[in-house]
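Worksheet: the structure to be examined is printed underneath.
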Amino acid sequence: MQPFTERVIGIIRSIPEGKVMTYGQVAAHAGSPRAARQVVRILHAMSAAHKLPWHRVVNARGEIAIRDGDSRTQQMLYLSGEGVEVGDEGAVDLSRYGYVPGEPEPAEFF
DNA sequence: CTCATGACAATGA
DNA sequence: CTCATTGCCATGA
């Protein structure tokens, strides 16, 4: 199987609850920092088959990438249900919920 | 090989 | 804000 797809799938599967990753990060960890589009494709194509938490994958700004459709609302609901604060525009705080593989949880902020 | 497709990213108007 | 453009790259026909 293509390392790319599997890699991406594995990475996405490893995203813990209450955390989100950007397409660029996933692509970078998969081996191609500029392959954010492929991440998108893979997600769309394999999310159902592989039960991927696609809702934990957002665009570079930490916002929901979907422009329109039920999926957008679903993603917001999923995230909020996992403890992620989602804004009205589907924006999350990457500095708080951004998942960085290998990095431990940051200490208390205050 | 080419061509088309993307739930993107960055930039510019 | 939206829209257009360009860059980017894997995947499938």
Side-chain angles (χ1 to χ4, degrees):
Chain A
M1 191 50 164
Q2 291 69 305
F4 243 57
T5 309
E6 301 218 324
R7 272 236 199 226
V8 173
I9 292 171
I11 293 168
I12 293 169
R13 284 191 67 239
S14 68
I15 303 176
E17 296 183 10
K19 291 284 181 178
V20 297
M21 270 187 87
T22 70
Y23 288 95
Q25 283 180 329
V26 176
H29 279 269
S32 296
R34 282 97 167 136
R37 303 250 262 291
Q38 282 57 257
V39 177
V40 167
R41 268 169 55 39
I42 293 164
L43 261 170
H44 224 181
M46 322 295 280
S47 59
H50 290 263
K51 295 289 177 56
L52 300 177
W54 58 272
H55 50 261
R56 295 190 194 135
V57 184
V58 294
N59 65 15
R61 292 179 185 170
E63 301 166 356
I64 293 178
I66 307 163
R67 289 178 170 280
D68 164 87
D70 300 326
S71 301
R72 197 191 137 103
T73 307
Q74 275 300 305
Q75 183 166 16
M76 291 172 69
L77 291 176
Y78 277 129
L79 292 176
S80 60
E82 291 180 359
V84 177
E85 296 180 51
V86 183
D88 289 3
E89 283 107 55
V92 307
D93 191 338
L94 281 182
S95 66
R96 207 151 41 185
Y97 305 108
Y99 176 54
V100 183
E103 290 292 311
E105 290 292 303
E108 306 309 306
F109 273 101
F110 63 114

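Values below: all heavy atoms of this structure, side chains included; hydrogens, waters and symmetry mates excluded. Model, not experiment: these values are computed from the prediction. We name chains A, B, ... by the order of the sequence lines, and we start the count at 1 in each one.
- Distance A:H29 NE2 to C:dC9 C1': 18 Å, rounded to the nearest Å.
- Nearest-nucleotide assignment on DNA chain B puts the 5′-proximal partner with A:R41, out of A:R41 and A:A60.
- Residue side chain A:R37 reaches the base of C:dG7 through a donor-acceptor N/O pair under 3.5 Å, judged by distance alone.
- When the C1' atom of C:dA10 is taken as reference, atom CD1 of A:I9 falls 13 Å away, rounded to whole Å.
- Separating the CD atom of A:Q25 from the P atom of B:dA9 is a distance of 11 Å, rounded to the nearest angstrom.
- Taking a pair as Watson-Crick or G-U wobble with both distances under 3.5 Å, the runs of three or more consecutive pairs in DNA chain B are B:2-6 with C:9-13, B:8-13 with C:2-7.
- Nearest heavy atom pair, residue A:S80 against residue A:V86, reads N-CG2, 4.0 Å.
- A:I64 pairs with exactly one of A:E89, A:Q74, A:M76 by the side-chain contact (heavy atoms from CB on, under 4.5 Å) rule, that one being A:M76.
- Taking side-chain N and O atoms only, A:T22 has no distance below 4.0 Å to OP1 or OP2 of B:dC8.
- Taking the six-membered ring where tryptophan is involved, the planes of A:H55 and A:Y78 are essentially parallel, since the angle between them stays under 30° and well short of 60°.
- When atom types are taken as modelled, the side chain of A:Q38 and the backbone of A:T5 share no donor-acceptor pair closer than 3.5 angstrom.
- Nucleic acid contact class of A:S32 (heavy atoms, under 4.0 Å, all strands): sugar-phosphate only.
- A straight line from CD of A:E63 to C1' of B:dC8 spans 12 Å, rounded to a whole angstrom.
- Between A:E89 and A:R34, the residue anchored closer to the 5' end of DNA chain C is A:E89, taking for each the nucleotide with the nearest heavy atom.
- Residue A:F4 contributes atom CZ, which lies 13 Å from atom P of C:dG12 at whole-angstrom precision.
- The distance from atom CG of A:L94 to atom C1' of B:dA9 is 14 Å, rounded to the nearest whole Å.
- In this structure, A:R7 CZ and A:I12 CD1 are separated by 13.0 Å, a value rounded to the nearest 0.5 Å.
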- [ ] Assess whether side chain to side chain contact (heavy atoms under 4.5 Å, CB included) is satisfied between A:E85 and A:D93, documenting all intermediate values.
- [x] CA-CA 8 Å; A:E85 296 180 51; A:D93 191 338; over 6 Å; no
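- Look at A:T5 and you won't find any side-chain N or O under 4.0 angstrom from OP1 or OP2 of C:dA10.
- Distance CD (A:Q38) to C1' (B:dA4): 13 Å, rounded to an integer number of Å.
- Between A:P101 and A:Q25, the closest side-chain pair of non-hydrogen atoms is not below 4.5 Å.
- The CH2 atom of A:W54 sits 12 Å away from the P atom of B:dC8 (whole-angstrom rounding).
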